[in-house]
Amino acid sequence: MQIAIHQQKEKKLVSNAVRHTKGPAALRVRWSVGVLRIGAWDTDPAPPEPPAPLEQVVHLEEGRGLALVRACADLWGWQPLSREGNRGKYVWCDLVAA
């Protein structure tokens with residue numbers, strides 16, 4: 001069950017990055033000191049739309065990706081990125097080992 005939840009979060013983060021940007025996107029998964037961090041990088045520097053409460057979007061076909069991530073993750077966030085003149089953002093969620 002936990003693996004399926006993690007895979008859903010990976011899918012939501014990457015699909016959002018691909019769907020909402022025109023450039024490349026990448027997935028990063030990191031395990032460190034009991035925390036699994038799943039993140040997606042894209043070339044759009046604009047912040048993601050704040051997720052609505054899950055109960056407001058659960059019935060929708062689109063627009064619920066970050067709400068699902070927020071509902072299942074221990075922590076989530078985003079940060080702007082800039083390197084060698086290229087801009088973008090990194091959206092991530094943390095899952096703490098039980």
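Quick note: residue numbers are just sequence positions, from 1.
Here salt bridge (charged side-chain N to carboxylate O under 4.0 Å, His left out) pairs that include residues 30-40, with residues two or more places apart or in two chains, are Arg37-Asp94.
For the pair Ala73 and Cys93, the tightest heavy-atom approach, listed with the atom from each and the gap, is CB-CB, 3.7 Å. The two residues Leu81 and Trp41 come nearest to each other via the heavy atoms CD1-CD1, 3.2 Å. Pairing each heavy atom of Ala46 with each of Asp44, the nearest pair is N-OD1, 3.0 Å. Scanning both residues, Ala97 and Trp31, for their nearest heavy atoms gives CB-CH2, 3.7 Å. When all heavy atoms of Pro47 and Trp78 are compared, the pair lying nearest together is CB-CZ2, 3.1 Å. When every heavy atom of Val91 is checked against every heavy atom of Pro48, the shortest pair comes out as CG2-CG, 4.2 Å.
The cluster map of Ile, Leu, Val, Met, Phe, Trp and Tyr, joined by side-chain heavy atoms under 4.5 Å apart, puts Trp76 and Val35 in different clusters. Note: the hydrophobic cluster containing Leu68 does not contain Trp92 (ILVMFWY, side chain heavy atoms under 4.5 Å, direct or indirect links). A chain of hydrophobic side-chain contacts below 4.5 Å, direct or via other Ile, Leu, Val, Met, Phe, Trp or Tyr residues, connects Leu95 to Leu66.
With sequence neighbours excluded, no residue forms a salt bridge (charged side-chain N to carboxylate O under 4.0 Å, His left out) with Arg87.
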Checklist entry - Step by step, would you call Val96 with Leu75 a side chain to side chain contact (heavy atoms under 4.5 Å, CB included)? => result CA-CA 9 Å; Val96 178; Leu75 187 64; over 6 Å; no
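No donor-acceptor distance shorter than 3.5 angstrom exists from the side chain of Lys89 to the backbone of Asp42, with no hydrogens or angles considered.
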